[in-house]
Structure formats: C-alpha cells, structure tokens
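Per chain, numbering begins at 1; letters A, B, ... match sequence-line order.
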There are 2 protein chains.
Amino acid sequence: MANLQPGKPLDMAAIKVACANCNLHNLCLPLGIDTRDIERLDDIINRKRPLARGEYLFQAGAPFHAIYAIRSGSVKSFTATEDGQEQVTGFHLPGELVGLDAISSDTHNCSARALETTSVCEIPYPQLEELSALMPSLQRQLLRVMSREILQDEHMMMLLGRKAADERLAAMLMSMSNRFKQRGFSPREFHLSMSRNDIGNYLGLAVETVSRLFTRFQEDGLLETERKHVRILDLARLSVLAGANRISPDE
Amino acid sequence: MANLQPGKPLDMAAIKVACANCNLHNLCLPLGIDTRDIERLDDIINRKRPLARGEYLFQAGAPFHAIYAIRSGSVKSFTATEDGQEQVTGFHLPGELVGLDAISSDTHNCSARALETTSVCEIPYPQLEELSALMPSLQRQLLRVMSREILQDEHMMMLLGRKAADERLAAMLMSMSNRFKQRGFSPREFHLSMSRNDIGNYLGLAVETVSRLFTRFQEDGLLETERKHVRILDLARLSVLAGANRISPDE
DNA sequence: CGGCTGCTTGATTACGCTCAAGATTAGTGG
DNA sequence: CCACTAATCTTGAGCGTAATCAAGCAGCCG
C-alpha cells in the first residue's frame with residue numbers, strides 16, 4: 001500500500017519501493033523467498049519511469065534481455081500473425097510477469113503495450129538466471145511461475161477450442177474478477193482497461209459479438225456496464241456460465 | 001540409433017541407453033550440457049518399462065513428482081472440462097517433455113496417455129530441481145524448454161482464435177511434418193498415431209469436419225491418406241495454407 | 001461371423017462473422 | 001470552453017462456415 005497512495009502526486013522516490021515493501025510481493029517473483037534473499041533480487045531490478053498509455057514495453061523482434069513485472073497499471077501482449085494482423089495473447093495485471101516466452105529464442109516474439117499509465121520492474125534476465133542458480137528458492141519460484149503460465153495457456157486453449165462466445169466472455173470476466181480480488185480490489189466492480197476490440201481479439205471473437213454479448217449480459221441481469229466500468233450483479237451465474245454449460249441450461 | 005533397432009526383440013538392457021548415447025539428446029533436456037554433467041543427469045533418470053497403447057503416463061489429480069521425456073512412441077495430454085468431456089492439449093513426440101504444467105500446483109492438471117507403444121524417461125522433479133541448482137547449464141535448458149512451451153501454446157491460441165478449419169488442420173500437419181523431420185524422419189510421409197477424434201478435439205473442430213477436410217485436401221492434391229498414414233504431396237501449398245491466407249487465395 | 005469402434009458422407013441448422021450504418025465518446029485545436 | 005474530427009462502440013440485416021443430427025461404411029476384435 002505504501003507505494004500507491006492515490007492522493008499523493010507521483011513521486012519517483014516512492015516508485016523505488018523495494019521488493020520487500022511492495023504489496024505485490026506475494027504474487028510476484030519474491031513469493032516464498034526470505035527477507036535477506038529478497039534484497040539480492042532487489043539489487044538487480046530496475047524500476048523504470050512509468051509508461052504512458054500506448055507506449056511499448058518491448059516490441060516483437062527486439063533482442064531479449066529482461067523480463068518485466070507489472071507494478072501498477074496494465075499491459076497487453078500480442079503477436080503479429082503471418083498476414084500482419086495482430087493477435088492479443090494476454091492481459092497482464094500488477095504482480096504478473098511479462099516476456100517469459102522470449103527466453104527460449106533470445107528474441108521477443110510478442111510485443112507488449114501499456115493499456116493505461118503503467119509502471120514496471122525490469123528484471124535483467126542474465127542476472128536473474130545467475131541469481132537463481134545461487135538461490136534455490138528463486139529458481140523454484142521462477143519455474144513455478146513459468147509452469148503456471150503454461151497451465152493458464154492450456155486453459156485458454158480449452159476456452160478457444162470448446163467454448164461458445166458467451167462462455168468465453170464470461171470466463172474472461174471471471175478471470176479478471178478473480179485477479180482483481182487477489183489484488184485486494186472488488187471482484188464485482190472494476191475497470192477494464194482494454195478496448196472491446198482487444199477483448200474480441202483475445203477471445204477469438206468479432207468486436208460486434210463482444211458488444212452484443214455485453215448488451216445481452218446486461219439484459220439478463222448478469223452485470224451492468226458503463227463503458228469500461230463493469231459491475232457484476234450475479235457473480236454465481238456468471239461463474240457457472242464461464243464454467244461450461246451448453247447442455248445444462250441455467251434457469 | 002543404438003537403442004531402437006527394428007529387427008531386435010525388445011531388450012531391457014537396450015532400453016537403458018544413457019542420455020549421452022541417446023539419439024534424442026539434442027532435442028531433449030541434455031541439449032547444451034557437457035558430457036560429464038550429462039552423466040549426473042543420467043543418474044537421476046529412471047527408464048520405465050514401455051507403455052502399451054492406451055496406458056496412462058499419469059492422470060489428472062495425481063500428485064506431481066516427476067516430468068517425463070518421451071523416448072519412443074507418442075503421447076497425448078488432455079484435461080477434463082468442468083462438464084466432464086475431454087480436451088486434448090497436446091501430442092508429444094520423442095524428445096519432448098510432458099508434465100511441465102504440474103510444477104506450479106504440485107498436482108497433475110492433465111492426464112497423459114500413450115497413443116501407441118511408448119517408452120519414456122521419468123525425471124523425478126525434486127532431484128531435477130536440486131541438480132539444476134548445481135548445474136547452470138541444466139537450469140538454463142530447463143527454463144528454455146519451458147519458455148518454448150509457452151511460445152508454442154501462444155501459437156496454438158492464435159490458431160484456435162483466428163484460423164479457419166482448413167488452416168488449423170494444415171497447421172497441425174505442418175507441425176507434425178516439421179517435428180518428424182527434426183527427428184530424422186520423412187517430413188512428407190508419416191503415421192499419425194492419434195485418432196481423428198483426438199485431432200478434432202485438439203483443433204477445436206468436430207470429427208466430421210476433420211474427416212471432410214482430409215477428403216478435401218486429398219481432392220485438392222495436397223496429400224494422400226490411407227487411414228492413419230499420411231503422404232504430403234504439396235508441402236509448399238500446405239505450408240501456405242497453414243500460414244494464414246483467408247485474404248490471398250492460392251490459385 | 002457379428003458386434004464394436006472409428007471413419008466418412010449427407011442434410012440441416014445455428015452461431016457468430018461480415019458488411020453497413022448510426023451513436024457515443026475522446027481527443028484536438030481554435 | 002466549445003466545436004470538430006477521429007476513434008470506439010453499438011445495433012441491425014444477411015450470409016457462410018462449421019456443428020449437429022443421422023446413416024452408412026470399413027477395419028478390428030473376440
């Protein structure tokens with residue numbers, strides 16, 4: 001909570017909050033690492049100036065030298081398809097790591113762009129690798145984070161392969177809801193920083209479909225939207241819809 | 001080549017080929033690790049008796065204690081959706097690792113089943129973790145393998161989100177072709193060990209659609225099939241189709 | 001040989017895309 | 001501060017692709 005008091009003006013000193021004091025340390029890489037070791041991790045991390053909406057964190061094709069932890073704000077990552085159009089591969093909230101897919105190829109395969117004013121921690125990869133060889137707990141956590149990413153991607157594959165449009169949007173909203181809750185925000189009311197276009201792209205749907213679904217969800221009393229602000233009225237039903245129920249109709 | 005001579009009867013001694021002599025070592029975990037270190041890796045690996053077609057390597061829900069490298073044969077991994085139906089998440093060929101998504105949760109989230117007679121190396125995870133803390137090159141390779149997995153999953157997400165049915169099947173066939181080629185087999189002629197059902201499930205398509213597509217590809221002179229045997233006649237055109245060309249029609 | 005499973009083919013339906021237009025919001029400069 | 005433009009979002013109509021439903025066919029086992 002120390003580093004993000006709404007009233008205060010943006011203060012570069014405040015931004016340089018150490019991992020140990022960061023309210024995200026139980027989501028991010030430092031999870032499960034003891035206090036002394038966190039300081040060593042802290043030493044290799046660069047806090048960068050906040051990114052404005054639309055700024056790139058990195059671009060596809062750029063040489064890979066660091067992964068990034070979101071500190072505040074949000075980021076979308078996306079690749080370009082062979083024919084030039086973009087494919088959104090993920091939205092990232094505070095505490096999440098971006099750029100893990102670049103490790104294998106030494107080159108960024110996707111681009112990452114700030115969806116709003118966003119601050120990040122840059123973690124130089126060679127040094128992270130080195131440090132994790134010395135700190136088993138860090139190595140362990142790094143592998144776990146990557147494994148979780150694989151798990152999430154598999155989940156996403158299932159969503160794209162088997163689910164209907166309404167189930168996809170419901171699942172995406174539930175994912176957001178859960179992630180906001182984890183971060184101490186309301187799971188029922190939040191701000192979606194990405195455009196409808198991005199949502200559609202991410203979910204493999206046309207923008208029009210996303211728009212229609214939001215209207216329908218609203219008519220069904222599932223939620224209320226005001227532009228990018230979402231208030232979920234019936235979390236239980238949305239959760240069921242997100243699960244999978246093309247056979248068993250709810251009510 | 002030493003460990004898999006077709007004429008010879010199955011010999012348990014032959015199965016115990018060390019990593020150093022394994023013809024897959026430049027695809028698998030030992031890649032980039034020097035000879036002495038490979039022996040240490042070798043010591044923790046268990047070669048298990050071959051699995052018969054349909055046998056489980058592990059099942060979802062089981063406690064996680066090892067990852068597996070495919071030595072010969074092939075495996076499909078799959079999760080169960082909330083409503084009980086299965087979702088194939090991948091097909092794995094010799095040299096590939098299975099079970100990486102279980103690291104984060106200490107539990108297998110997906111099941112893995114042999115698609116044909118298959119032999120695997122079991123790599124106990126606690127010992128792998130320990131060893132990779134001592135061997136930077138192993139740690140490095142492990143992280144790379146996981147990163148590559150993430151990259152592939154992203155590629156798959158794009159396929160499921162943006163591509164038409166024919167493009168999906170073409171992409172899947174190209175993936176198989178490339179992987180067979182990497183392993184020293186013909187990229188134009190191979191055996192698909194999985195059923196049409198599994199292919200459809202994996203690609204997010206109905207079985208009927210897969211079947212129709214195989215017929216159409218054959219009519220178009222792209223390939224020939226005889227049950228599970230596939231012969232690609234026009235690799236170039238298949239590759240283009242796999243790419244993305246809903247706009248620019250080829251001929 | 002009969003029963004089984006997996007594959008193929010056909011007919012019909014429907015979900016979501018495309019195209020098109022209008023509405024609302026945000027961004028910009030006078 | 002308001003007008004103007006550009007971008008984003010919403011809504012509608014029609015169409016196309018792939019799913020579903022329904023048989024028939026081929027390979028494989030006891």
- request: Could you walk me through whether A:Thr225 and A:Gln218 pass the side-chain hydrogen bond (donor to acceptor under 3.5 Å, both in side chains) test, one step at a time?
  value: CA-CA 7 Å; A:Thr225 59; A:Gln218 207 151 352; 3.0 Å; yes
- request: Kindly indicate, with the supporting measurements, whether the criterion side-chain hydrogen bond (donor to acceptor under 3.5 Å, both in side chains) is fulfilled by A:Arg162 and B:Asn201.
  value: CA-CA 8 Å; A:Arg162 303 236 83 70; B:Asn201 188 307; 3.3 Å; yes
- prompt: Under the side-chain contact (heavy atoms from CB on, under 4.5 Å) criterion, do A:Arg47 and A:Ser119 qualify, and how do the steps go?
  reply: CA-CA 8 Å; A:Arg47 274 90 195 174; A:Ser119 60; over 6 Å; no
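Side-chain atoms of A:His229 and A:Glu189 form a donor-acceptor pair, as typed in the model, at a separation below 3.5 Å.
Summarising the geometry, the separation between CG on B:Leu169 and P on D:dT17 is reported as 17 Å, rounded to the nearest angstrom. Here the C1' atom of nucleotide C:dC17 and the CG atom of A:Asn197 are 14 Å apart, to the nearest Å. The CZ-P distance, from B:Arg162 to C:dG16, rounds to 15 Å in whole Å. Distance CZ (A:Arg168) to C1' (C:dC17): 12 Å, rounded to an integer number of Å. Atom NZ of B:Lys228 and atom C1' of C:dT8 are 15 Å apart (whole Å). A:Arg216 has its CZ atom 11 Å from the C1' atom of C:dC15, to the nearest Å. Atom CE in B:Met194 sits roughly 11 Å away from atom P in C:dC7 (whole-Å rounding). Rounding to whole angstrom units, CD of residue B:Gln218 and C1' of C:dT8 are separated by 12 Å.
Summary of helix geometry: the two end axes of the helix from C:dT8-D:dA23 to C:dA21-D:dT10, each defined by five base pairs via their C1' atoms, are inclined to each other by 40° (rounded to 10°).
A salt bridge is defined here as a Lys NZ or Arg NE, NH1 or NH2 lying under 4.0 Å from an Asp or Glu carboxylate O, and B:Arg183 with B:Glu96 meets this definition. The pair B:Lys76-B:Glu86 counts as a salt bridge, with a side-chain nitrogen and a carboxylate oxygen less than 4.0 angstrom apart. A salt bridge between A:Glu224 and A:Arg231 is present, with a side-chain N of the basic residue lying under 4.0 Å from a carboxylate O of the acidic one.
For the pair B:Thr118 (side chain) and B:Glu116 (backbone), a donor-acceptor distance under 3.5 Å is present. Side chain of B:Asp198 to backbone of B:Met194: no donor-acceptor contact under 3.5 angstrom is found. Counting only distance, with no hydrogens or angles, the side chain of B:Lys163 and the backbone of B:Ala242 share a donor-acceptor pair below 3.5 Å.
Scanning residues 201-212 of chain A for heavy-atom distances under 4.0 Å to DNA chain C yields A:Gly204, A:Leu205, A:Ala206, A:Glu208, A:Thr209, A:Arg212.
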Tabulate protein N/O versus nucleotide N/O from nucleotides 25-28 of chain C, keeping only pairs under 3.5 Å, one per line.
unit_1, atom_1, unit_2, atom_2, d
C:dT25, O3', A:Arg227, NE, 3.1

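Nearest heavy atom pair, residue A:Phe190 against residue A:Leu173, reads CZ-O, 4.0 Å.
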